[in-house]
Amino acid sequence: MDTKTIDQLLDRFEKTGVVSEGNARIKLVVHRLVRDLMIAIEELDITPEEFWAGLNYLGDAGRNGELGLIVPGIGLEHFLDLRMDEAEARAGLKGGTPRTIEGPLYVAGAPVAQGEARLDDGNTPGELVVMQGVVRGDDGQPLAGAKVEVWHANSLGNYSYFDKSQSDFNLRRTIVTDAQGRYKFRSVMPVGYSVPPGGATDRLLQQLGRHGHRPAHIHFFVTAPGHRKLTTQINIENDPHLWDDFAFGTRDGLVPPVHTNTDRAAMQALGTDKPFYEIRFDFTLHAEAPSAPATNFNRPRAAA
Ligand code: MBD
Ligand code: FE
């Protein structure tokens, strides 16, 4: 079918069965996506069998809660980040800590701590890591009372809440920066996440000839009054998947050095007799910018 015939068909569809104005924005987007799909079916000669298999696949993925995993896996979430970067550049925003994808594993409602927190429940295997830094505005001034929401996987690459074998909010906290804008936490070193074997995302990636592994990483939302919300992650250097992330989340500026601390007194102060890891990382937030799209947009998220 040629595009002109498709457009005539769509014109008739859009005029049939109309009972109200509907929503202009939704109409625009849906009509466009349907047209693009029809053109893809035509140009790729997608067979009925392929069409129904694809529809069933999406239904399966939805029922199993994997749509939020397919989106980063096909690069759409990183694409949204790059578009936000472009919008900020057009609005004249420069510098600031790079953003990167949120992913599907945030859970709202984590315990709040002032200045410092321990993220692990004391019963979580893994190597001890201490991470700390300062939250600043883009004028370089430290931001007291900023919120650093942090979440990461355990040493098996699993996230509490989604992994019911972990205690509630294990490896998840909200840390409020102190008067000097500082945050600090101790935790156990995360290991990279992999998509559930045999699940919808895994099956798709196999057909694409790709793996479903992420390098080890730690997620953050950083917020402060009068500033744009920052959604980002840091990656653990030297991970074999550091620049081979199935979700395309690794970015320059988000791979801080990891230092191994072998100082006896420092080890003792943390109640350990083994060397531990230390990471310093400062966050820089952009001041509110009415001409740039909001970064604190709604997105349905888990809450506990
Ligand atoms: C993750 O832990 C993650 O951060 C992303 C983006 C996708 C899947 C799992
Ligand atoms: Fe993650």
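All values below come from the heavy atoms of this structure, side chains included, with hydrogens, waters and symmetry mates left out. As the structure is a prediction and not an experimental result, all values here were calculated from the model. Ligands are counted one by one from 1 in listed order, and the atoms in each one are counted from 1 as well.
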Subject >> Pi-cation contact, Phe221 with Lys229 (under 6.0 Å, within 45°) >> reply: yes
**OP:** Establish whether Ile218 and Val258 are linked, either directly or via other cluster members, by ILVMFWY side-chain heavy-atom contacts under 4.5 Å.
**Re:** yes
Original post:
Is there an N/O/S atom in Tyr159 at a distance below 2.8 Å from the Fe ion (ligand 2)?
Top reply: yes
**OP:** Taking side chain to side chain contact (heavy atoms under 4.5 Å, CB included) as the test, write out the residues that go with Ser167, two or more places apart.
**Re:** Asp121, Asn170
**OP:** If the plane angle is over 60° it's perpendicular, under 30° parallel, otherwise tilted; pick one for His213 and His211.
**Re:** parallel
Subject >> side chain to side chain contact (heavy atoms under 4.5 Å, CB included) involving Asn158 - partner list, sequence neighbours excluded >> reply: Asn154, Leu156, Asp163, Gln166
Original post:
Applying a heavy-atom distance cut-off of 4.0 Å, which protein residues contact ligand 1?
Top reply: Leu69, Ile101, Gly103, Pro104, Leu105, Tyr159, Tyr193, Arg214, His217, His219
Subject >> Metal site the Fe ion (ligand 2): N/O/S of His152 inside 2.8 Å >> reply: no
**OP:** Could you tell me which residues satisfy side chain to side chain donor-acceptor pair (under 3.5 Å) with Thr284, sequence neighbours excluded, listed by chain and number?
**Re:** none
Subject >> Under 3.5 Å donor-acceptor, Thr260 side chain and Tyr277 backbone >> reply: no
